[in-house]
Amino acid sequence: MNGITYVRGDATAPGGKGVKIVAHVCNDLGGWGKGFVLAVSRRWPEPGAAYRRWHRERARNDFGLGAAQFVQVGPYVWVANLVGQRGMRTARSTGAPVRYEAIDAALGRLADKAAELGASVHMPRIGCGLAGGSWAKVEPLVLRRLVDRGIPVTVYDFGG
């Protein structure tokens, strides 16, 4: 047991009591429309709208790799938009868009917010879908930034 709880299910329907933060990785181009964000948008319209506004107004805010945006979607539920992906994968692209150092920085911001709210964190295997990353590289970041600070983390693998 490494401190992360792994379950089958939907990370947009987090279990347990208390305040919960649903975390996921976004790109740095303002694109919202593929992957896990589709599930987020089906459940809550606010995170996508907030992310697009954050990107559109980026000249006047902290939007960029390593940044984190927190959107409250219910009395006890927040969504964390973590910018940990440089661009998007295309037919011409070389290499995965994942940026581990940006995920690490964003997880640090997530840890601060979770501690402030007394929240647990719920996520898919962030950075490992469209971003093309490896859970073997992301998991130690989650352990160091969240679990080592005593923040409960549940990772959801979709499907039965």
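- Side-chain contact check for Val73 versus Pro47: some heavy-atom pair is nearer than 4.5 Å.
- The hydrophobic clustering, which links ILVMFWY residues whose side-chain heavy atoms are closer than 4.5 Å, places Leu117 and Tyr76 together.
- Under a hydrophobic-cluster definition in which Ile, Leu, Val, Met, Phe, Trp and Tyr are linked whenever side-chain heavy atoms come within less than 4.5 Å, directly or via other members, Val71 and Val83 are assigned to the same cluster.
- Under the 4.0 Å criterion applied to side-chain N and carboxylate O atoms, Arg145 and Asp112 are not assigned as salt-bridge partners.
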>> Working note: Val138 + Ile126, criterion side chain to side chain contact (heavy atoms under 4.5 Å, CB included); need CA distance, chi angles, decisive distance, verdict.
In response: CA-CA 7 Å; Val138 174; Ile126 60 169; 3.8 Å; yes
> Between Trp44 and Val77, does a side chain to side chain contact (heavy atoms under 4.5 Å, CB included) hold up when you go through it step by step?
Replying inline: CA-CA 11 Å; Trp44 309 289; Val77 182; 3.9 Å; yes
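- Distance check, rounded to the nearest 0.5 Å: CG of Asp62 to CD of Glu57 gives 12.0 Å.
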> Could you go step by step and tell me if Asn81 and Trp32 meet the side chain to side chain donor-acceptor pair (under 3.5 Å) rule?
Replying inline: CA-CA 11 Å; Asn81 295 329; Trp32 180 285; over 6 Å; no
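- Judged by distance alone, with hydrogens and angles left aside, the side-chain atoms of Tyr100 form no donor-acceptor pair with the main-chain N or O of Gly84 at under 3.5 Å.
- When every heavy atom of Arg149 is checked against every heavy atom of Ala115, the shortest pair comes out as NH2-CB, 3.8 Å.
- The two residues Trp54 and Ala67 make their nearest non-hydrogen contact at CZ2-CB, 3.6 Å.
- A 4.5 Å side-chain heavy-atom check between Leu107 and Leu82 finds at least one atom pair inside the cut-off.
- Both Ile151 and Phe70 sit in one connected hydrophobic cluster of ILVMFWY residues. Membership requires side-chain heavy atoms under 4.5 Å apart, directly or through other members.
- Looking only at distances, no side-chain donor or acceptor of Glu46 sits under 3.5 Å from a matching main-chain atom of Gly48.
- Contact annotation: the side chain of Arg125 approaches that of Val155 to within less than 4.5 Å [non-hydrogen atoms, C-beta and beyond].
- Looking at His55, its side chain never comes within 3.5 Å of a backbone N or O of Phe63 through a donor-acceptor pair.
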>> Leu65 vs Arg86, test: side chain to side chain contact (heavy atoms under 4.5 Å, CB included). Steps then yes/no.
In response: CA-CA 7 Å; Leu65 285 169; Arg86 172 93 203 150; 3.9 Å; yes
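- Contact annotation: the side chain of Val153 approaches that of Val142 to within less than 4.5 Å [non-hydrogen atoms, C-beta and beyond].
- Considering every non-hydrogen atom in both Gly132 and Ala96, the closest pair reads O-CB, 3.5 Å.
- Across Val121 and Ala23, no two heavy atoms sit closer than the pair CG1-CB, 4.2 Å.
- Atom CG of residue Leu110 and atom CD1 of residue Ile21 lie 5.5 Å apart, to the nearest 0.5 angstrom.
- Using a 30° and 60° split on the angle between ring planes, His122 and Tyr156 fall in the tilted class, from 30° to 60°.
- Nearest heavy atom pair, residue Pro97 against residue Met88, reads CG-C, 4.2 Å.
- When atom types are taken as modelled, the side chain of Arg43 and the backbone of Thr12 share a donor-acceptor pair closer than 3.5 angstrom.
- Criterion: ILVMFWY side-chain heavy atoms under 4.5 Å apart, direct or through other members. Under it, Val25 and Val37 are not part of a common hydrophobic cluster.
- Cation-pi contact between Lys113 and Trp78: present, with separation from the ring centre below 6.0 Å and deviation from the ring axis of at most 45°.
- Rounding to the nearest 0.5 angstrom, the gap separating the CG atom in Leu141 from the CD atom in Glu101 is 10.0 Å.
- Closest non-hydrogen pair, Leu38 versus Gly33, comes out as CD2-O, 3.2 Å.
- Between the side chain of Asn27 and the backbone N or O of Gly30, at least one donor-acceptor pair lies under 3.5 Å.
- One finds the CG atom of Asp157 at 8.5 Å from the OH atom of Tyr6 (value rounded to the nearest 0.5 Å).
- To the nearest 0.5 Å, atoms SG (Cys26) and CD (Gln69) are separated by 8.0 Å.
- When the side chains of ILVMFWY residues are joined at heavy-atom separations under 4.5 Å, either directly or via intervening members, Val22 and Ile4 end up in two distinct hydrophobic clusters.
- No side-chain heavy atom of Arg99 sits less than 4.5 Å from a side-chain heavy atom of Asp104.
- His24 contributes atom NE2, which lies 7.0 Å from atom CZ of Phe36 (distance to the nearest 0.5 angstrom).
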> Which is it for Val19 and Gln72 under the side chain to side chain contact (heavy atoms under 4.5 Å, CB included) test, yes or no, and what are the steps along the way?
Replying inline: CA-CA 10 Å; Val19 179; Gln72 191 166 9; over 6 Å; no
